[in-house]
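Input: a single structure, listed below in structure tokens.
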Amino acid sequence: MNAEKQKYLELLSKKYKNTQEVAEEIINLQAILNLPKGTELFLSDIHGEYEAFIHILNNGSGIIKNKIEDNYKNSLPEDERKNLATLIYYPEEKLKSIKKEVKNIEEFYKITLYRLIQVGRAVSSKYTRSKVRKAIPQGFDYIIDELLHIQGDDVNKEEYNKQIIDSIIDLKKADEFIVVMSNFIKRMAIDHLHIIGDIYDRGPGAPIIMDKLMDFHSVDIQWGNHDILWMGAACGNEACITNVVRICSRYDNLATLEEQYGINIRPLSMFATKMYKDDDCTLFYPKNKEYSSRHSNSDKLLMAKIQKAIAIIQFKVEGNLIRKHPEYKMKDRLLLDKINFENGTVHIDGKDYKMKDCNFPSVDPKNPYKLTDEEKEIMERLKISFMNSEKLARHVNFLYSQGGVYENYNNNVLFHGCIPMLENGEFEAVEFMGKKFKGKELMDNIENIAHKAFFGNKEENSEAVDLMWYFWCGAKSPLFGKDKAATFERNLLEEKALHKENKNPYYKLIENEEICDKILENFGANIKEGHIINGHMPVKAKDGESPIRANGKYIVIDGGFSKAYQPTTGIAGYTLSYNSNGLVLAVNEPFESKQKAIEEGSDIKSEIILKEHVEKRKRVADTDNGQKLQNEIADLKQLLAAFREGIIKEKK
């Protein structure tokens with residue numbers, strides 16, 4: 001035994017002090033290895049749709065409903081099963097509703113407590129008692145632990161069991177117990193959560209989603225381009241900041257900035273009102289169908305003016321960044337200097353196009369990318385607000401601590417966008433900060449740059465800060481995966497051909513099983529068992545597109561979780577789960593509302609479109625965590641031998 005290994009075992013012996021303690025832990029870990037693997041849930045492109053997101057977490061992507069069906073399908077009518085499910089999903093709210101209607105509240109409590117305990121046993125049965133105990137919320141932990149592990153035919157404890165339930169009711173603790181038990185059931189339904197990008201933008205609830213994720217027991221996040229945009233804004237990247245503000249104004253989400261993150265929009269609002277005083281800003285009205293019913297005409301006009309003002313500032317700031325970094329090769333995005341203000345056209349690729357709007361009073365035709373003094377002041381204030389928002393910093397820190405560009409988890413390779421590839425199927429080498437990388441190394445390099453941008457000295461790492469914008473919309477960015485962000489054309493030009501954003505060759509090549517194997521191998525995943533799981537590109541299910549490709553090795557789970565994309569997809573997103581029996585992919589119908597779920601017991605309706613069963617049920621031993629446990633067992637066996645041989649002395 002070398003000195004380094006002995007030193008490690010000496011440290012380990014402080015935790016496991018003698019042969020008895022070591023042997024007990026080895027027995028415990030070896031038993032855990034033979035338990036069924038926990039359920040993983042995969043979601044992507046949530047885009048601020050917090051009610052639907054929270055509902056999916058609450059129903060365990062259908063797991064809780066299935067457990068209720070397994071236990072009560074033959075003994076309870078459907079409406080009672082629905083009410084029990086809704087009570088678990090929203091215990092506080094549902095209790096208020098039930099107590100207004102039920103006549104015998106004590107009888108309700110007694111029946112409900114027994115049912116919740118039965119469901120709790122069902123969702124926790126494949127975990128160790130130690131893991132279950134740790135998951136029980138404090139307050140009723142001892143009581144719940146006892147109730148969960150009383151066997152149904154244990155006559156000796158029948159009265160004991162009954163007395164616990166009666167005491168909970170007599171002591172007026174039933175409501176509290178129902179809430180705690182419901183939260184425990186939800187906790188046990190999902191063992192680990194994967195978010196494959198784009199938490200932010202479009203919908204109004206990204207901060208709510210982030211708070212929920214921060215409270216979740218086990219989660220990883222693969223950054224989407226919309227997430228990296230907000231991360232870049234928190235780093236102080238002005239181009240990212242303008243994009244964030246523009247998108248928020250475009251989708252009527254300025255409240256997210258002002259009320260949730262404390263970003264001061266007033267200077268921009270005042271500037272927009274003055275600059276576009278006599279402009280109806282028709283092209284810049286918010287893209288939100290619910291907007292018209294919620295706001296007055298004056299509110300709509302103000303939002304349009306804000307969006308137009310920040311869009312022009314965005315084109316200027318981005319133009320200066322592109323000119324600063326010719327290595328980005330984004331000169332085609334320099335369009336302000338191509339505008340002919342006299343005849344209202346813009347020159348693109350050798351042709352003049354009539355613009356729908358070119359009333360840009362803050363643009364100097366002789367120096368179009370120069371910010372006015374007022375625009376400079378607005379950007380300075382916005383930058384200070386973004387960089388000093390405590391809540392935004394807290395959320396972005398979480399994105400860094402629990403997230404990255406990709407994840408290889410139990411042989412499934414997860415990333416939001418793409419791996420840049422050439423038409424011939426080879427990985428494309430992409431240069432950032434003077435170094436070229438491709439495949440997995442490229443993804444690792446981007447992650448390192450992103451960390452420098454946020455955690456490093458801003459002056460010393462200014463190039464890294466600048467790249468955060470490129471990662472959002474650059475042609476070779478794996479998070480973006482398209483040749484351009486056609487914001488200018490989509491807002492200001494009629495020609496649909498100019499709106500098109502061409503996808504990286506990856507998106508065609510990935511249909512090929514051999515390409516999937518190549519990527520899996522590059523990321524260190526098992527080719528026979530692995531899958532590539534993506535978000536980012538909405539699957540147009542209404543047009544017959546399938547989320548399952550390359551003989552099942554490639555799965556896209558962006559199906560329009562966000563309401564903004566549902567007209568394109570025709571559905572309301574996909575949920576993918578991976579349990580001990582294999583993968584299950586479900587297509588979801590739109591979620592109506594939390595209120596309707598509580599009042600009517602409505603749930604997200606899902607149709608299973610893929611069940612990929614494994615030949616042999618997956619155990620903990622077959623997972624990444626299982627490999628870690630096996631390594632621990634190997635170390636403990638070495639410690640056991642060291643104790644027995646006297647190399648390390650046992651302690652009492």
Side-chain angles (χ1 to χ4, degrees), residues 201-202 239 242-243 245-252 268 271-289 291-292 297 300-323 328-372 374-375 378 469 472-475 480 482-503 564-565 567-568:
D201 293 332
R202 304 292 192 268
T242 57
N243 274 275
V245 177
R246 177 184 58 80
I247 293 170
C248 283
S249 59
R250 184 174 177 81
Y251 289 91
D252 183 25
L268 173 63
F271 170 78
T273 302
K274 181 183 73 172
M275 188 61 59
Y276 299 103
K277 182 179 179 181
D278 300 318
D279 190 334
D280 59 14
C281 298
T282 306
L283 301 178
F284 294 90
Y285 271 69
K287 292 178 71 65
N288 188 331
K289 290 182 180 179
Y291 189 84
S292 296
N297 289 332
K300 297 174 199 174
L301 180 57
L302 176 59
M303 193 74 74
K305 290 180 178 182
I306 289 172
Q307 188 191 159
K308 183 173 182 179
I310 197 65
I312 299 306
I313 296 174
Q314 174 189 320
F315 298 146
K316 290 183 178 184
V317 171
E318 288 181 337
N320 290 324
L321 198 55
I322 291 166
R323 295 192 299 179
Y328 291 178
K329 298 179 181 177
M330 294 178 68
K331 285 185 178 180
D332 64 309
R333 297 294 83 213
L334 296 175
L335 295 173
L336 283 185
D337 59 323
K338 309 298 189 302
I339 297 174
N340 185 324
F341 285 92
E342 291 183 4
N343 58 21
T345 61
V346 61
H347 193 75
I348 301 175
D349 294 332
K351 187 176 178 181
D352 290 329
Y353 295 91
K354 189 71 177 176
M355 295 183 65
K356 294 190 287 183
D357 180 0
C358 62
N359 177 34
F360 309 144
S362 69
V363 176
D364 178 359
K366 295 179 181 178
N367 192 0
Y369 298 105
K370 183 181 178 182
L371 293 170
T372 66
E374 284 182 280
E375 288 172 331
I378 287 166
W469 172 76
W472 146 248
C473 65
F480 182 57
K482 292 180 279 189
D483 65 343
K484 67 179 180 182
T487 307
F488 183 98
E489 293 91 331
R490 292 186 174 196
N491 275 282
L492 299 169
L493 299 177
E494 197 69 54
E495 286 73 14
K496 296 292 184 184
L498 295 176
H499 299 181
K500 189 175 181 181
E501 299 170 343
N502 298 304
K503 300 175 186 176
Y565 290 115
T568 300

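Being a predicted model, the structure only gives us computed values, none of them experimental.
Using a 4.5 Å cut-off on side-chain heavy atoms (C-beta onward), Leu335 and Ile339 make no contact. Proximity of Lys484 to Asp332: side-chain heavy atoms (C-beta onward) are separated by under 4.5 Å at one or more points. Counting heavy atoms from C-beta on, the side chains of Leu301 and Tyr285 come closer than 4.5 Å. Annotation: side chain of Asp279 is not in contact with side chain of Phe360 (no heavy-atom distance under 4.5 Å). Side-chain contact between Val346 and Lys354 is absent, with no heavy atoms from C-beta onward closer than 4.5 Å. Within the 4.5 Å cutoff, no side-chain heavy atoms of Val245 are placed close to those of Thr242. For the pair Tyr353/Ile348, a side-chain contact is recorded, criterion being any heavy-atom separation below 4.5 Å from C-beta on.
Using cut-offs of 30° and 60° on the angle between ring planes, the pair Trp472 and Phe480 is tilted.
Not counting sequence neighbours, the partners of Arg333 by the salt bridge (Lys or Arg N to Asp or Glu O under 4.0 Å) test are Glu489. Residues satisfying the side-chain hydrogen bond (donor to acceptor under 3.5 Å, both in side chains) criterion with Asn367, sequence neighbours excluded, are absent altogether. Judged as a ring pair (Phe, Tyr, Trp, His ring centres under 6.0 Å), and not counting sequence neighbours, the contacts of Phe315 are Phe488. The side-chain hydrogen bond (donor to acceptor under 3.5 Å, both in side chains) search around Tyr565 returns Arg202, not counting sequence neighbours. Judged as a side-chain hydrogen bond (donor to acceptor under 3.5 Å, both in side chains), and not counting sequence neighbours, Lys305 has no contacts.
Checked by atom type and distance alone, the side chain of Arg246 never pairs as donor or acceptor with a backbone atom of Ala311 at under 3.5 Å.
In terms of heavy-atom proximity, Ser362 sits nearest to Phe271 at CB-CZ, 4.4 Å. Contact between Phe284 and Gln307 at its shortest, heavy atoms only, is O-NE2, 2.6 Å. Taking all atoms of both residues into account, the shortest heavy-atom contact from Pro368 to Leu336 is O-CD1, 3.6 Å. For the residue pair Ser249 and Met303, the shortest heavy atom distance occurs at O-CG, 3.4 Å. The minimum heavy-atom distance linking Ala304 with Cys281 is given by the pair CB-O, 3.6 Å. The heavy-atom pair separating Arg323 from Tyr369 by the smallest distance is NH2-CB, 3.4 Å.
Other residues, nucleotides and ligands place no more than 12 heavy atoms under 6.0 Å from the NZ atom of Lys503. Within a 6.0 Å radius of NZ in Lys338, other residues, nucleotides and ligands contribute more than 12 heavy atoms.
By the 4.0 Å N-to-carboxylate-O rule, Glu495 lies too far from Lys356 to be salt-bridged with it.
Between Asp357 and the options Leu283, Leu493, Asp280, Asn491, a side chain to side chain contact (heavy atoms under 4.5 Å, CB included) holds for only Leu283.
For residues 310-320, the set of pairs meeting the salt bridge (charged side-chain N to carboxylate O under 4.0 Å, His left out) definition, not counting sequence neighbours, comprises Lys316-Glu375.
At a cut-off of 3.5 Å, with distance as the only test, no side-chain donor of Asp201 or Tyr251 sits close to an acceptor on the other residue.
Summarising the geometry, atom CG belonging to Leu268 is positioned 6.0 Å from atom CD1 belonging to Ile306; distances are rounded to the nearest 0.5 Å.
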